[in-house]
Amino acid sequence: MGLQIYNTLSASKEEFVPLNPGEVRIYVCGVTVYDSSHVGHARALLTFGVVYRYLKFLGYQVTFVRNFTDLDDKIIDRASREHTTCDAISARYIDEFNRDSKALGLLAPAHEPKATEHIPEIIALIRRLEEKGMAYQVDGDVFFPVQSFPGYGKLSRRNLEELEAGARIEIDERKKSPLDFALWKASKEGEPWWESPWGKGRPGWHVECSAMSTKYLGQPFDIHGGGLDLVFPHHENEIAQSEGAFGRTLARYWMHNGFLNLNKEKMSKSSGNIFTIREITAEREAEALRHYFLLSHYRSPLDFSNQGLDEAERSIGRIYETMVRVEQATAGAGSAMPDSALLEAFRREMDDDFNTPRAIALIFEEVRSLNRLLDDGRTERLGGRAAALKVMAEALGLLHRSPQLFVESRRERWIKKQGLSEAGIKELIARRDRARREKRFEEADRVREELKEMGIALEDTPGGTVWKVR
RNA sequence: GGCGGCGUACCCAAGUGGUUAAGGGAGAGGUCUGCAAAACCUCGAUGCGGCGGUUCGAAUCCGCCCGCCGCCUCCA
């Protein structure tokens with residue numbers, strides 16, 4: 001059995017069969033660039049980053065597209081509050097996003113289209129809908145009549161009656177149904193605008209993704225992803241537009257990641273309970289955040305906690321330290337072929353809808369097993385197993401640095417945060433070593449204690465005393 | 001109101017009918033060590049929110065109840 005993916009469309013796991021053998025085309029809704037991205041965004045980014053990596057691990061030729069929404073009411077608001085242009089706002093946050101993305105270890109997508117650079121494609125799509133009677137114009141606004149698309153609600157499992165009954169949306173009397181959504185909006189004074197058959201205006205939100213995904217990936221394409229909150233109405237509307245316009249399936253597998261909560265509540269800008277990606281990556285290793293997310297399944301809700309992050313950071317350190325031991329033990333042995341049984345086990349876990357918690361458990365079982373071999377001095381099969389471990393970690397986006405760098409980075413971060421000096425620490429260690437050589441153990445233990453209070457642990461190894469952040 | 005999700009040990013978290021309920025952290029004991037740390041070994045849920053039911057057999061299926069959360073409005 002190959003890869004199984006939970007498809008929101010069928011609400012069940014399905015065997016993944018790409019449209020073209022050996023090739024996968026995937027589109028993920030990116031961020032709206034009106035503010036800093038928060039760790040909730042990071043979860044979505046990392047989730048689909050791992051999907052991307054794992055598909056590559058499986059040997060697929062993957063075309064990954066993730067957009068920027070750089071045209072939106074919130075960007076307009078922000079620009080007017082700061083007396084600047086929308087372009088300036090989106091440029092600033094795209095720039096910031098790119099830094100975050102790099103810090104998080106995300107692989108670059110093949111394309112990162114921006115809404116503002118695809119106005120002609122958007123207009124063409126709306127015109128096509130018009131020709132099919134699936135768009136109507138009122139005062140320069142163009143709406144999509146949801147009644148005209150028979151499958152409306154199939155993704156979010158709702159029907160029109162239910163939706164209309166529960167609708168809490170403000171009534172726009174000009175719309176035929178309260179659920180009809182804007183394809184094109186007439187621009188007000190001071191807003192960005194483009195010439196169109198309906199006058200000066202700008203696209204609605206949903207239509208950009210329909211236009212851009214199809215431009216880069218064709219229709220249908222294989223996987224469409226995003227956060228759970230996009231199922232309705234965003235993705236539902238994308239389906240209505242694209243399938244309405246072309247009479248063909250938009251995307252075959254729909255994947256949605258669960259939320260990141262803070263104190264049990266959804267992390268969102270409007271409620272103010274957020275941590276930005278920058279805040280977190282300034283405080284600790286980005287890899288800790290990735291590991292933390294991987295520890296629970298992507299569809300489960302996850303409550304963000306500092307304790308969890310601390311644990312994750314230590315866990316990553318444990319894997320790295322084992323890698324250091326393996327490297328030392330196999331130095332000069334040349335590169336080994338990755339152990340195939342291990343890779344097979346990894347694949348079995350990941351094939352089950354990207355079950356990263358199980359994959360991580362497998363990694364830890366292997367870490368323990370490697371340490372046991374190391375302790376026993378049995379190094380014959382070490383190379384192949386360590387090589388497999390690296391391949392697995394790569395597929396998850398972990399262990400992308402040298403172990404030494406990870407340890408040093410943690411040290412430097414800690415020293416800086418605590419206002420310590422490396423020279424001072426080394427001085428203390430030297431003092432302790434002198435005391436130990438002279439068998440003044442009370443003195444040596446006092447120094448150990450002193451360093452421990454600074455959060456620094458000493459390890460006396462055959463190669464000398466090493467120190468690390470605890 | 002409609003639709004959906006979640007509740008597994010001190011904490012985090014896999015597991016959707018069948019051997020001893022993964023893995024990590026914390027804790028206890030041990031090996032090692034001048035002492036430690038790291039690593040390794042051993043021990044921690046007779047029970048999976050509660051009550052019923054189906055079944056030879058259920059954390060897993062069904063029903064009811066309790067608690068928490070999300071979507072239905074911009075939202076990863």
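Computation of the quantities below employed the complete heavy-atom set of this structure, encompassing side-chain atoms and omitting hydrogens, waters and symmetry-equivalent molecules. What you see is a predicted model, and the numbers here were worked out from it, not measured in a lab.
- Screening residues 256-286 of chain A for ring pair (Phe, Tyr, Trp, His ring centres under 6.0 Å) gives A:H235-A:H256, A:F275-A:F304 as the qualifying pairs, with residues at least two apart or on separate chains.
- Remark: P of B:rC6 and NZ of A:K266 are 18 Å apart, rounded to the nearest angstrom.
- For the pair A:D229 CG and B:rU73 P, the computed distance is 13 Å after rounding to whole Å.
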Q. Could you walk me through whether A:K185 and A:D141 pass the salt bridge (charged side-chain N to carboxylate O under 4.0 Å, His left out) check?
A. CA-CA 5 Å; A:K185 297 174 173 182; A:D141 286 347; over 6 Å; no
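- Residue A:K74 is classed as a base contact, given a heavy-atom separation below 4.0 Å to a base.
- Annotated as syn: B:rG44, whose glycosidic dihedral is within 90° of 0.
- Near-neighbour residues of RNA chain B inside residues 99-112 of chain A, defined by a heavy atom below 4.0 Å, are absent.
- Residue-level contact check: A:L260 touches the bases, meaning some heavy atom is under 4.0 Å from a base atom.
- With both ends at atom P, the span from B:rG18 to B:rA59 equals 10 Å, rounded to whole Å.
- B:rC72 atom P lies 17 Å from atom CG of A:N159, rounded to whole Å.
- One finds no salt bridge joining A:R358 and A:D352 here, because no Lys/Arg side-chain nitrogen approaches an Asp/Glu carboxylate oxygen to under 4.0 Å.
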Q) For RNA chain B, what string of dots and brackets results from 5' to 3' when Watson-Crick and G-U pairs need both distances under 3.5 Å, crossing pairs get [ ], and pairs with another strand get |? A) ((((((((.[[[..)..(....]]].(((((.......))))).....[[[[[..)....]]]]])))))))....
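- A:K452 meets the side-chain hydrogen bond (donor to acceptor under 3.5 Å, both in side chains) test with no other residue; sequence neighbours excluded.
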Can you tabulate the close N/O pairs, meaning under 3.5 Å, that link protein atoms to atoms of nucleotides 33-35 of chain B?
from: B:rG34; atom 1: O6; to: A:R432; atom 2: NH2; distance (Å): 3.3
from: B:rG34; atom 1: O6; to: A:R436; atom 2: NE; distance (Å): 3.2
from: B:rG34; atom 1: N1; to: A:D445; atom 2: OD1; distance (Å): 3.0
from: B:rG34; atom 1: N2; to: A:D445; atom 2: OD1; distance (Å): 3.0
from: B:rG34; atom 1: N2; to: A:D445; atom 2: OD2; distance (Å): 2.5
from: B:rC35; atom 1: O2; to: A:D445; atom 2: OD1; distance (Å): 3.1
from: B:rC35; atom 1: O2; to: A:R448; atom 2: NE; distance (Å): 3.4
from: B:rC35; atom 1: N3; to: A:R448; atom 2: NH2; distance (Å): 2.9
from: B:rC35; atom 1: N4; to: A:R448; atom 2: NH2; distance (Å): 3.4
from: B:rC35; atom 1: N4; to: A:D460; atom 2: OD2; distance (Å): 2.7

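- To the nearest whole angstrom, the two P atoms, one in B:rC3 and one in B:rC12, are 31 Å apart.
- Heavy atoms of A:L230 sit under 4.0 angstrom from primed sugar atoms or phosphate atoms, though from no base atom.
- Here A:G225 lies out of heavy-atom contact (under 4.0 Å) with every strand.
- Judged as a side-chain hydrogen bond (donor to acceptor under 3.5 Å, both in side chains), and not counting sequence neighbours, A:Y292 has no contacts.
- Taking the P atom of each, B:rC6 and B:rU16 are spaced 12 Å apart, rounded to whole Å.
- Considering only residues two or more places apart in sequence or on other chains, A:R66 meets the side-chain contact (heavy atoms from CB on, under 4.5 Å) condition with A:V28, A:L45, A:F64, A:F97, A:L106, A:P109, A:E112.
- Qualifying side-chain contact (heavy atoms from CB on, under 4.5 Å) partners for A:E442, counting only residues two or more places apart in sequence or in other chains: A:R440, A:R446.
- Listed by first and then second residue, the salt bridge (Lys or Arg N to Asp or Glu O under 4.0 Å) pairs involving residues 295-313 of chain A are A:R284-A:D310, A:R284-A:E313, A:R299-A:D353, A:E313-A:R410 (not counting sequence neighbours).
- Using atom C1' as the reference point in both B:rC48 and B:rU8, the two lie 4 Å apart (nearest Å).
- Nucleic acid contact class of A:F259 (heavy atoms, under 4.0 Å, all strands): base.
- Applying the side-chain hydrogen bond (donor to acceptor under 3.5 Å, both in side chains) test to A:Q147 and every residue at least two apart in sequence or in another chain returns nothing.
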(Q) Walk along nucleotides 10-25 of chain B from 5' to 3' and tag each nucleotide B, S or - by protein heavy-atom contact under 4.0 Å, base first, then sugar-phosphate. (A) -S-SSS------BSBS
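- Of all heavy-atom pairs spanning A:E279 and A:T276, the tightest one is OE1-N, 2.8 Å.
- Contact annotation for A:N371: backbone-only contact, meaning every heavy-atom pair under 4.0 Å involves sugar-phosphate atoms and none involves a base.
- Among residues at least two apart or in separate chains, there is no ring pair (Phe, Tyr, Trp, His ring centres under 6.0 Å) pair with a member in residues 424-470 of chain A.
- One finds no salt bridge joining A:R348 and A:D351 here, because no Lys/Arg side-chain nitrogen approaches an Asp/Glu carboxylate oxygen to under 4.0 Å.
- Remark: the separation of the C1' atoms in B:rA26 and B:rA45 is 16 Å, to the nearest Å.
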